[in-house]
2 protein chains.
Amino acid sequence: MTKMASTKSASFALDASRCLICSAKALNMCGSLEPEELSRLSQIARCESFGNGEALFHEGDPAKTVYNITDGAIRLSTSLKNGRRQVVGFLFTGDFIGFSDRESFPWTGEAVRGAKVCRFSRADLARITTEFPKVEHRLLEMATADIASAQDHIVMLGQGSAAEKVSAFLLALSRKSAKRGGIENPVHLPMTREDIADYLGLAFETVSRCFTRLENEGLIAIESTRVVRIKDFEALADFSDDE
Amino acid sequence: MTKMASTKSASFALDASRCLICSAKALNMCGSLEPEELSRLSQIARCESFGNGEALFHEGDPAKTVYNITDGAIRLSTSLKNGRRQVVGFLFTGDFIGFSDRESFPWTGEAVRGAKVCRFSRADLARITTEFPKVEHRLLEMATADIASAQDHIVMLGQGSAAEKVSAFLLALSRKSAKRGGIENPVHLPMTREDIADYLGLAFETVSRCFTRLENEGLIAIESTRVVRIKDFEALADFSDDE
DNA sequence: CGCAACATTGAAGCTTCTCAATTAAGGTGG
DNA sequence: CCACCTTAATTGAGAAGCTTCAATGTTGCG
């Protein structure tokens, strides 16, 4: 793993436009935060950057901080005694890291090909949520979205063949990208085949074979290793929980 | 499915001792609710009972209500086009149903061998959370627990052999029972082998074979179809993510 | 340019699924 | 209370799919 000591706590300004807790745009859903609330959030936030594969925190570290991703992608994973790894989730711009009731992080968080985050001290955030109920309301909304995402993951893992899982994964990535304002169709895959395999509970060779097969069947086009164009959304969707 | 028209909206009193939102005991974790808050919650709650296999709501129904389980177990599941079913979760006394940002329920909720719930109108609850931030704080805690539970489920689904999944499932059931004040060891299984299979992404025959094998290896004793005694916690735990 | 990490492809083996038959359990009505 | 009928659970054998082991090809970074 490339370990670049690239943490930059130097940038003081909170990138509010990309930080979902603070973003006025995101908060339109539930009424916007007052300037005072935004200001208080800015005071406790610290922006950091992480390089390719660099860890934000490790499984078991005391969970004193939470994060809001402002750019890039983060991989949450746990490793099991047998040496295997389960990727619990991929998080993208706008997503929140830190919904856990435990003293220490239940997963390792690593940047997938570079990422920027806003870091909050859990204690600071707790003080602010007590003071400003709207912030807590926003957190509950984000936790609810997290639950939906985990349940989608459960359905992906539990049902169907390897090819169905990979199809569902591609469609989910596409959908999530569109939802955060990115492009829908040439799907960009920041993660490796092994990451995808550990997310879907498959061997990485199997994932690779599924990509090849989906391309041969004309459902996708592998434009490059990390860019996949969906050629037939409906067929892929049917495939992902039909055949 | 046995369809008993057993819904009893007749009982007006809120069983606060078993309703985690309202339970003073549960709220000790985060400071207790004021009598006024409890009273308001009681006003909007309605207690209902459901018989064996009876549905509280179906996938796609407008999600106008949320529930808090006061007795029994509920199975949340989605069915896929190919006819297969994924059980997204089993919920027990104290658990909350309704963390979803969608207009309609993303899953079907059914009683597993009889259950009692407190039903709340989502709109009523929203009014109360606006008025009483402590209630929202409590909801966030419950949502966080839900996320942890979903992630445990993800790890169970993604990793290991069928026997490892079944071992992990038994240990998780035991732990959850102990956590809500029930017995830890002879694990009671309210659900069928098929329910377990659909939860773990296996065929029900495979689940059955795993029970038999775990018994033959001396790790468990099947006291009856629905009661399993764990004879060797450590071996089962090692087994569940080692071998 | 060269090395190291990532990805693809092939073949053999093994786990799980599917299909099928049998046994056990649970609930209903006589 | 027992017999019956339906549902649930167990067990077996064969087929399918995934994983593992192994080799080769590709990409990207220093």
Side-chain angles (χ1 to χ4, degrees), chain A residues 1-4 6 51-54 75 82-86 110 112-114 157-167 188-216 220-228 239 243, chain B residues 1-4 6 51-54 75 82-86 110 112-114 157-167 188-216 220-228 239 243:
Chain A
M1 286 294 127
T2 323
K3 287 275 176 186
M4 323 166 88
S6 63
N52 198 331
E54 198 180 356
R75 172 183 63 233
N82 54 19
R84 278 180 295 195
R85 184 184 68 155
Q86 176 66 43
E110 291 155 320
V112 183
R113 302 193 60 72
L157 278 163
Q159 292 298 138
S161 65
E164 291 171 57
K165 291 181 185 180
V166 172
S167 303
H188 181 244
L189 309 166
M191 67 294 285
T192 66
R193 299 288 188 265
E194 189 165 16
D195 287 337
I196 299 172
D198 289 347
Y199 181 86
L200 295 175
L202 299 170
F204 70 89
E205 298 96 326
T206 305
V207 172
S208 183
R209 274 185 260 266
C210 288
F211 274 98
T212 306
R213 188 179 146 203
L214 290 172
E215 182 167 44
N216 289 339
I220 63 171
I222 302 172
E223 303 194 337
S224 80
T225 303
R226 299 285 169 84
V227 180
V228 173
F239 191 75
E243 191 195 357
Chain B
M1 288 294 126
T2 323
K3 289 274 175 188
M4 323 166 88
S6 62
N52 198 331
E54 198 180 356
R75 171 183 64 232
N82 54 18
R84 279 180 295 195
R85 183 185 68 155
Q86 177 65 45
E110 290 155 319
V112 182
R113 302 195 61 73
L157 277 162
Q159 291 299 136
S161 65
E164 292 172 56
K165 292 181 185 179
V166 172
S167 303
H188 180 62
L189 309 165
M191 68 292 286
T192 66
R193 299 289 187 264
E194 189 164 16
D195 286 337
I196 299 172
D198 289 348
Y199 181 85
L200 295 176
L202 299 170
F204 71 89
E205 297 97 325
T206 305
V207 172
S208 183
R209 275 185 259 266
C210 287
F211 274 99
T212 305
R213 187 178 146 204
L214 290 173
E215 182 166 45
N216 289 340
I220 63 172
I222 301 172
E223 303 194 336
S224 81
T225 302
R226 298 285 168 84
V227 180
V228 172
F239 190 74
E243 190 194 0

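Just the heavy atoms: all of them, side chains too, but no hydrogens, waters or symmetry mates, feed the values below. This structure is a prediction, so every number in the text was calculated from the model and none was measured. Lettering follows sequence order; numbering is per chain, from 1.
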Sub-4.5 Å side-chain heavy-atom contact between B/Phe211 and B/Ile196: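 Yes. Closest side-chain heavy atoms under 4.5 Å.
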Mind checking whether B/His188 and B/Arg226 have side chains closer than 4.5 Å, heavy atoms only?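 Yes; the side chains approach each other to less than 4.5 Å.
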Return the value, rounded to whole Å, for the distance between atom [atom1] of [X] and atom [atom2] of [N].
| X | N | atom1 | atom2 | answer |
| --- | --- | --- | --- | --- |
| B/Arg226 | C/dG26 | CZ | P | 7 Å |
| B/Met191 | D/dT7 | CE | C1' | 18 Å |
| B/Glu164 | C/dT15 | CD | P | 12 Å |
| B/Asn52 | C/dT28 | CG | C1' | 15 Å |
| B/Leu200 | C/dC17 | CG | C1' | 15 Å |
| A/Asp195 | C/dA7 | CG | C1' | 13 Å |

Look at the side chain of B/Glu223 and the backbone N and O of B/Val228, then say whether any donor-acceptor pair between them is shorter than 3.5 Å. no
Ignoring hydrogens and angles, write down the donor-acceptor pairs under 3.5 Å from the side chains of residues 198-206 of chain B, residues two or more places apart or on other chains.
residue: B/Asp198; atom: OD2; partner: B/Arg85; partner atom: NE; Å: 2.7
residue: B/Asp198; atom: OD2; partner: B/Arg85; partner atom: NH2; Å: 2.9

Do the charged groups of B/Glu164 and A/Arg84 touch, with an N to O distance under 4.0 Å?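 Between A/Arg84 and B/Glu164 there is a salt bridge, with a charged N closer than 4.0 Å to a carboxylate O.
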In Å, rounded to the nearest 0.5 Å, how long is the span from CD of A/Glu215 to SG of A/Cys210?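 If I round to the nearest 0.5 Å, the distance is 13.0 Å.
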Quick tally for nucleotides 10-21 of chain D: nucleotides whose base has a protein heavy atom under 4.0 Å get B, sugar-phosphate-only ones S, the rest -, giving BBBB----SBBB
